[in-house]
Amino acid sequence: MAPRSDEAQAFFHAVYSAVQEIPPGKVTSYGHIAKLVGTPQRPRQVGVCLKHLPSDPSERFNQYNVPWQRVINAKGAISLRSRPSAAHNQAVALEAEEVTVTTGALGELLVDFGLYGWFPRILPSEAAQGMVPSDEDDTEGDEE
DNA sequence: GGATTGACGGTCG
DNA sequence: ACGACCGCCAATC
């Protein structure tokens, strides 16, 4: 059943747990989850975990108790995969949570995370250092 | 059992 | 600012 090493299974476990912490109506990125589980260099593996999210409700982590839909890519869009319909499915699931999803010029499904914010906004490591990115503190001043 | 793929992201050109 | 490359590693061919 579990053709993966114990270490890999622990990784899956950590990823699923982290994703479960994302509040409804908010989203985060694969890379962010990767950082949270202590492996910032493996955002792809986070995608692998979600891809193989068990459909069996009897499993401790399954596609019903793990809000996989709240994980998008760093571009703020729903990542395309083998079956485009799956991406659309994710968009529908997000809209059910009152998260606005718009279609880009290239047909990409953009999540308006700007209205809802990322989660978590501050990483534990950053908070420990007292570093709070708050918002883009650049000199652009493009908004507000 | 070796090679390729992929729900990503950072770096480099 | 955009595109090509590289790293990473379980799953799949």
Side-chain angles (χ1 to χ4, degrees), chain A residues 1-127 129 131-133 135-143:
Chain A
M1 284 297 293
R4 12 180 165 103
S5 63
D6 295 341
E7 188 176 0
Q9 193 161 22
F11 178 81
F12 273 63
H13 177 112
V15 169
Y16 293 146
S17 295
V19 173
Q20 284 184 323
E21 294 179 44
I22 308 174
K26 295 205 175 185
V27 296
T28 191
S29 67
Y30 297 94
H32 212 144
I33 295 296
K35 286 182 182 178
L36 288 177
V37 302
T39 57
Q41 285 185 287
R42 284 153 235 174
R44 286 205 109 175
Q45 294 312 105
V46 173
V48 171
C49 292
L50 296 180
K51 178 180 181 180
H52 294 276
L53 191 57
S55 56
D56 184 1
S58 67
E59 293 289 314
R60 168 142 97 174
F61 295 107
N62 57 70
Q63 59 180 281
Y64 300 101
N65 61 21
V66 177
W68 56 273
Q69 46 197 23
R70 297 172 196 157
V71 183
I72 62 178
N73 62 33
K75 304 182 198 71
I78 296 175
S79 294
L80 253 45
R81 38 228 204 243
S82 313
R83 209 171 346 191
S85 59
H88 177 70
N89 181 29
Q90 183 172 359
V92 172
L94 282 174
E95 289 177 330
E97 299 185 350
E98 302 179 55
V99 173
T100 302
V101 179
T102 60
T103 303
L106 301 178
E108 46 209 55
L109 298 173
L110 299 173
V111 177
D112 201 349
F113 58 85
L115 295 176
Y116 309 94
W118 295 79
F119 174 85
R121 195 175 280 264
I122 303 174
L123 259 39
S125 59
E126 294 173 336
Q129 298 175 32
M131 293 179 58
V132 180
D135 281 319
E136 304 301 322
D137 60 322
D138 51 19
T139 57
E140 294 298 323
D142 53 340
E143 97 271 28

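These values consider heavy atoms only, across backbone and side chains, with no hydrogens, waters or symmetry-generated copies. Below, chains carry the letters A, B, ... as their sequence lines are ordered, and counting in each starts from 1.
Atom OG of residue A/Ser29 and atom NZ of residue A/Lys35 lie 7.5 Å apart, to the nearest 0.5 angstrom. Residue A/Gln69 holds its CD atom at 11.0 Å from CD of A/Glu95, rounded to the nearest 0.5 Å.
Rounded to whole Å, the distance from CG on A/Leu53 to C1' on B/dA7 is 11 Å. When rounded to the nearest whole Å, the span between CD1 of A/Ile33 and C1' of B/dA7 equals 13 Å. Rounded to whole angstrom, the span from the CG atom of A/Leu94 across to the P atom of B/dA7 amounts to 17 Å. Between A/Lys35 atom NZ and C/dG7 atom C1' the separation is 16 Å, expressed in whole Å. Nucleotide B/dA7 holds its C1' atom 12 Å from the NZ atom of A/Lys75, rounded to whole Å. The distance from atom CZ of A/Arg42 to atom C1' of B/dG9 is 13 Å, rounded to the nearest whole Å. When the P atom of B/dG10 is taken as reference, atom CD of A/Gln45 falls 16 Å away, rounded to whole Å. The interatomic distance linking A/Tyr16 (OH) with B/dA7 (P) rounds to 14 Å, in whole Å.
Between A/Pro43 and A/His52, the one whose closest nucleotide on DNA chain C sits nearer the 5' end is A/Pro43. Each of A/Gln41 and A/Val48 has a nearest nucleotide on DNA chain C; the 5'-most of these lies closest to A/Gln41.
Looking only at side-chain heavy atoms (C-beta outward), A/Glu108 and A/Lys75 stay at 4.5 Å or farther from each other.
Taking only side-chain atoms of A/Lys51, from C-beta outward, the nucleotide of B/dA7, B/dC8, C/dC8 with the closest atom is B/dA7. When distances are taken from the side chain of A/Tyr30 to each of C/dC9, C/dA10, B/dG9, the shortest belongs to B/dG9. With B/dA7, B/dG9, C/dC8 as the candidates, the nucleotide lying closest to the side chain of A/Arg44 is C/dC8. Closest to the side chain of A/Ser79, out of B/dG9, B/dA7, C/dA10, is B/dA7.
In this structure, A/Arg81 reaches the bases: a heavy-atom distance under 4.0 Å links it to at least one base atom across the strands shown. At a threshold of 4.0 angstrom between heavy atoms, the contacts of A/Thr39 with the nucleic acid are absent. Residue A/Leu80 is classed as a sugar-phosphate contact, given heavy-atom separations below 4.0 Å to backbone atoms only.
A/Arg42 places no side-chain N or O within donor-acceptor distance of the main-chain N or O of A/Pro40, the cut-off being under 3.5 Å. Checking side-chain atoms of A/Tyr16 against main-chain N and O of A/Phe11 turns up no donor-acceptor pair under 3.5 Å. Side chain of A/Arg70 to main chain of A/Val19: no donor-acceptor pair is present (N/O by atom type, distance under 3.5 Å, no hydrogens or angles).
Sorted by residue number, the members of residues 60-69 of chain A with any non-hydrogen atom under 4.0 Å from DNA chain B read A/Trp68.
Residue A/Ser29 places at least one side-chain N or O under 4.0 Å from the OP1 or OP2 atom of B/dG9.
In A/Asp6, the CG atom is not crowded: 12 or fewer heavy atoms of neighbouring residues, nucleotides or ligands sit closer than 6.0 Å.
The aromatic rings of A/Phe61 and A/His13 sit perpendicular, their planes meeting at an angle over 60°, well past the 30° parallel limit.
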